[in-house]
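In what follows, a structure is listed as structure tokens, so that the remarks can point back to it.
Counting starts at 1 for both ligands and their atoms, following the listed order. As a basis for the values below, the full set of heavy atoms in this structure was taken, side chains included, without hydrogen atoms, waters or symmetry mates. These figures come from a predicted structure and were not determined experimentally.
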Amino acid sequence: MPDGGVPATIGGVIEQLTVDDLDACLDLAQDRDWPPERHKWRLLFDIGTVYGIRDAAGRVIATTVLTSYQGGLAAISMVLVAKDHERQGLGRALMVHAIGEAGAATVVLNATEYGRPLYERLGFVSVGSTFTHVGHFTGPGGHASRPATPDDLDAIHRLDTEVNGADRAILIDRLSGFAAQVRTVEGKAGITGYAAAWPNHGNTVIGPVMAGSVAEARALIADVAAGVDGPVRLDLDGRHPELHAWAVKRGLELRTSTAVMARGGPLPGDRGRWFVPMMQALG
Ligand SMILES: CC(C)(COP(=O)(O)OP(=O)(O)OC[C@H]1O[C@@H](n2cnc3c(N)ncnc32)[C@H](O)[C@@H]1OP(=O)(O)O)[C@@H](O)C(=O)NCCC(=O)NCCS
């Protein structure tokens, strides 16, 4: 057993993976027809804990990522089991381990149809939905926002903390390095919304988007999208249905939807101002 490894309930040993395993994680993702999202995995290795199980030959055959924020909120993501090892209890064992490591925190995740029955059995309940739109954004920006400067980061951090009900300093600190764009909207009392866009495999992801109103969210999304060359992906929260038709009209087709699930309590914060996650993996 590797140092610090924990026996999984069925086969294998759960261990903490390092960024040296990044390529192995990308191989596993592709085995499950997920894209090889290197930039995203690199961030997850940086701010989260990546748990994995190897087969006897050392190949990574299962992963789960736990990212914990200050203030009792954590996100679980990248729950993946190799096709040739599924239905042997590995997914469940990794989930049980990650939930244990999250302690008393409320845990949030986005569930595919494959994962949902497993999560329900582990005590997760559905608290919303995420709708993934992809396409070439058409039409002009809203010109209501401006690029963020380093001086805005404290205000962005405060806004993000209010809306999420948890301190995500680990994300905000990395935003300017990770994202290609960060924009803000301002009212009389200061910054009321912010949005970012970051490069992913084959598209640019717009997220997070936090805003004081639907109109503000639309303006932020349009301004960020206007600065993107190529297809964008927008994971719209289900709380704001009026944005879905607008996104379709602006060229972003609806591709899939996933269930937002939580365990250990409802999602904290002021979720009415929460429009788009940074990425489904992080909330
Ligand atoms: C979802 C996934 C992680 C489950 O891993 P696993 O190791 O096969 O899961 P377990 O063996 O621990 O089984 C747990 C439960 O998951 C569900 N499950 C697993 N594979 C399933 C499948 N092919 N179809 C439907 N349900 C499935 C079942 O409810 C299963 O319990 P059961 O076998 O007692 O009925 C795996 O199928 C996978 O990687 N899928 C593709 C990626 C994905 O969608 N991940 C979830 C992201 S939210």
Do we see a donor-acceptor contact under 3.5 Å between the side chains of T49 and E101? no

State which residues pass side chain to side chain donor-acceptor pair (under 3.5 Å) with D27; sequence neighbours excluded, sorted by chain then number. none

Determine which pairs satisfy side chain to side chain donor-acceptor pair (under 3.5 Å) with at least one residue from residues 199-208, sequence neighbours left out, and list them in order. E37-N200

Numbering as shown, the atoms of ligand 1 that approach Y119 to under 4.0 Å (heavy-atom distance): 46 (C), 47 (C), 48 (S)

Evaluating non-hydrogen atoms only, which member of Q280, R87, R116 is closest to atom 35 (O) of ligand 1? R87

Under 4.0 Å from one or more heavy atoms of G89, ligand 1 contributes atoms 10 (P), 11 (O), 12 (O)

When you look at NZ of K83, are more than 12 heavy atoms from neighbouring residues, nucleotides or ligands closer to it than 6.0 Å? yes

Just which atoms of ligand 1 are under 4.0 Å from any heavy atom in L118? 14 (C), 15 (C), 16 (O)

Protein contact to atom 37 (O) of ligand 1 [nearest heavy atom, distance to 0.1 Å]: E86 OE1, 3.4 Å

Would you say G91 has any N or O atom under 3.5 Å from an N or O of ligand 1, going by distance alone? yes

Shortest non-hydrogen contact between M78 and A281, atoms and distance: SD-CB, 4.4 Å

With a 4.0 Å heavy-atom cut-off (strictly under), which part of R32 contacts ligand 1: side chain, backbone, both or neither? side chain

Proximal ligand 1 atoms for R92, defined as those under 4.0 Å from one of its heavy atoms: 12 (O)

Between R121 and ligand 1, find which residue part has any heavy-atom pair under 4.0 Å and reply side chain, backbone, both or neither. side chain

Result for side chain to side chain contact (heavy atoms under 4.5 Å, CB included) between F275 and one of I221, V214, L220 points to V214

Which residue and heavy atom of the protein sit nearest atom 42 (C) of ligand 1, plus the separation: W34 CZ2, 3.6 Å

Less than 4.0 Å from atom 11 (O) of ligand 1, is there any heavy atom belonging to the protein? yes

Pair E216-T192, side chain to side chain donor-acceptor pair (under 3.5 Å): steps then yes or no: CA-CA 9 Å; E216 224 175 74; T192 52; 3.1 Å; yes

Of all the non-hydrogen atoms in the protein, which one sits nearest to atom 39 (O) of ligand 1, and at what distance? V81 N, 2.9 Å

Path from V65 to Y69 over hydrophobic side-chain contacts below 4.5 Å: yes

Evaluate the 4.0 Å heavy atom contact test for atom 2 (C) of ligand 1: does a protein atom fall under the cut-off? no

Decide whether H157 and D167 meet the rule of one side-chain donor and one side-chain acceptor closer than 3.5 Å. yes

Under 4.0 Å from one or more heavy atoms of N110, ligand 1 contributes atoms 48 (S)

Check each atom of ligand 1 against the heavy atoms of A111 and keep those under 4.0 Å away; list them by number with element. 48 (S)

With a 4.5 Å heavy-atom cut-off, do V276 and I206 have their side chains touching? no

Counting non-hydrogen protein atoms only, what is the nearest one to atom 45 (N) of ligand 1? Give residue, atom name and distance. V79 O, 2.8 Å

Heavy-atom pair with the smallest gap, counting every atom of A82 and R59: CB-NH1, 4.1 Å

With a cut-off of 4.0 Å, which atoms of ligand 1 are near a heavy atom of P117? 29 (O)

Can you classify the ring geometry of F131 versus H244 as parallel (below 30°), tilted (30 to 60°) or perpendicular (above 60°)? perpendicular

Close-contact set for ligand 1 against L80 heavy atoms, below 4.0 Å: 39 (O), 42 (C)

Where is the nearest protein heavy atom to atom 44 (O) of ligand 1: which residue, which atom, and how far? T112 OG1, 2.8 Å

Heteroatom distance test (Q88, ligand 1): nitrogen or oxygen, under 3.5 angstrom: yes

